[in-house]
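The shown structure was predicted, so the numbers you read here are calculated from the model rather than taken from an experiment.
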Amino acid sequence: MEASTLPAGYWQDANGNLIPESKVKDIDKLRHQVVVDLCRMAEQHQSSLSLFKAHAMQEVAALVATSMEQYGVRAGGEKGNVTLPSYDGKYKLVRQMQDKIVFGEQLMAAKVLIDECVHEWAEGANDNIRALVNHAFQTDKEGKINTGRVLGLRQLNITDAKWKNAMQAISDSMQTASTKPYVRFYKRNDAGGYDPITLDVAAV
């Protein structure tokens, strides 16, 4: 129930109960006002940041497209990672397109092949490899496999044919579920490096 629709002289608690205003403590009223005011301000800033991000991404895409056209290449400019410095080097911005990777059913085949490899090698020190493989295929609370851990298996320098076949199955199972764009801003410091212009209120 919105505050404007509440009966005169009543407050509504978190459980939806109507409480006479005279029964609401002053500190509770003050806390309520501070929280509501700040959260509404946060919502306004969130909306402004969303608009700013969209504007920034459009501007960068337009700049990249214009730059590519200088070389006779036509593109939307919406894809790819780019770093753009200001002419004086005081500022730079970085646009990154981060893909979210998921695995298809081929990953099950990869797990079977890897298990067979580990079973064949399972003597002494190779227990470490078994632990590594089991760790890589552990799922989180939502039943999802950690992408980084699975892809880390591909970094192992193992030449066994069955292992290579498993690594190929992992590659074949990889799918891009979505791509999330990021844009980050930096300002050069006195030491010549770049400090981020932080837009995350928790990091300020």
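Side-chain contact between Phe185 and Leu199: present, with at least one pair of heavy atoms (C-beta onward) separated by less than 4.5 Å. Annotation: side chain of Val94 is not in contact with side chain of Asn81 (no heavy-atom distance under 4.5 Å). Looking at heavy atoms from C-beta onward, Met57 lies in side-chain contact with Val183 at the 4.5 angstrom threshold. At least one side-chain heavy atom of Met68 sits less than 4.5 Å from a side-chain heavy atom of Val64.
Within 6.0 Å of the NZ atom in Lys162, the count of heavy atoms belonging to other residues, nucleotides or ligands exceeds 12. The local environment of OH in Tyr194 is crowded, with over 12 non-hydrogen atoms from other residues, nucleotides or ligands closer than 6.0 Å.
The closest donor-acceptor contact from the side chain of Asn189 to the backbone of Ala191 lies under 3.5 Å. Under a 3.5 Å cut-off, the side chain of Lys53 and the backbone N or O of Pro181 do form a donor-acceptor pair. Although no hydrogens or angles enter the test, the distance criterion places a donor-acceptor pair under 3.5 Å between the side chain of Ser48 and the main chain of Gln44. In this structure a side-chain-to-backbone donor-acceptor pair under 3.5 Å is present from Ser50 to Gln46.
Between Ala166 and Ala110, the shortest heavy-atom distance links the atoms O-CB, 3.5 Å.
Rounding to the nearest 0.5 angstrom, the gap separating the CG atom in Leu49 from the NE2 atom in His45 is 8.5 Å. The CE atom of Met167 lies 11.5 Å from the CG atom of Asp172; values are rounded to the nearest 0.5 Å. Between atom OG of residue Ser173 and atom CD of residue Gln168 there is a gap of 10.0 Å, rounded to the nearest 0.5 Å. Note that CG of Leu63 is 13.5 Å distant from CD of Gln58, once rounded to the nearest 0.5 Å. The CD atom of Gln106 sits 12.0 Å away from the CG atom of Leu113 when rounded to the nearest 0.5 Å. In this structure, the separation between CZ on Phe103 and CE on Met108 is 14.5 Å, given to the nearest 0.5 Å.
Linking Ile, Leu, Val, Met, Phe, Trp and Tyr whenever their side-chain heavy atoms come within less than 4.5 Å puts Leu84 and Met97 in one cluster. Under the 4.5 Å side-chain heavy-atom criterion for ILVMFWY residues, no single connected hydrophobic cluster contains both Met41 and Val36.
Using a 3.5 Å distance cut-off with no hydrogens or angles, the side chains of Ser171 and Arg154 do pair a donor with an acceptor.
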For residues 19-31, run the donor-acceptor check on the side chains, cut-off 3.5 Å, and write out each pair with its distance to 0.1 Å, sequence neighbours left out.
unit_1 : atom_1 : unit_2 : atom_2 : d
Asp28  : OD1    : Arg31  : NH1    : 2.7

Stepwise, does the side-chain contact (heavy atoms from CB on, under 4.5 Å) test hold for Tyr186 with Leu93? CA-CA 6 Å; Tyr186 300 85; Leu93 66 82; 5.9 Å; no

Before you tell me yes or no, could you show the steps for Val150 and Leu107 under side-chain contact (heavy atoms from CB on, under 4.5 Å), namely the whole-Å CA-CA distance, both residues' side-chain angles and the distance that decides it to 0.1 Å? CA-CA 9 Å; Val150 172; Leu107 190 65; 4.0 Å; yes

Audit row: Asp160, Lys164, salt bridge (charged side-chain N to carboxylate O under 4.0 Å, His left out) steps and yes/no: CA-CA 6 Å; Asp160 182 276; Lys164 287 186 174 181; over 6 Å; no

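Cation-pi geometry between Lys187 and Tyr91 is not satisfied (NZ or CZ under 6.0 Å from the ring centre, within 45° of the ring normal). Because its NZ or CZ atom is both nearer than 6.0 Å to the ring centre of Tyr182 and within 45° of the ring axis, Arg184 counts as a cation-pi partner of that residue.
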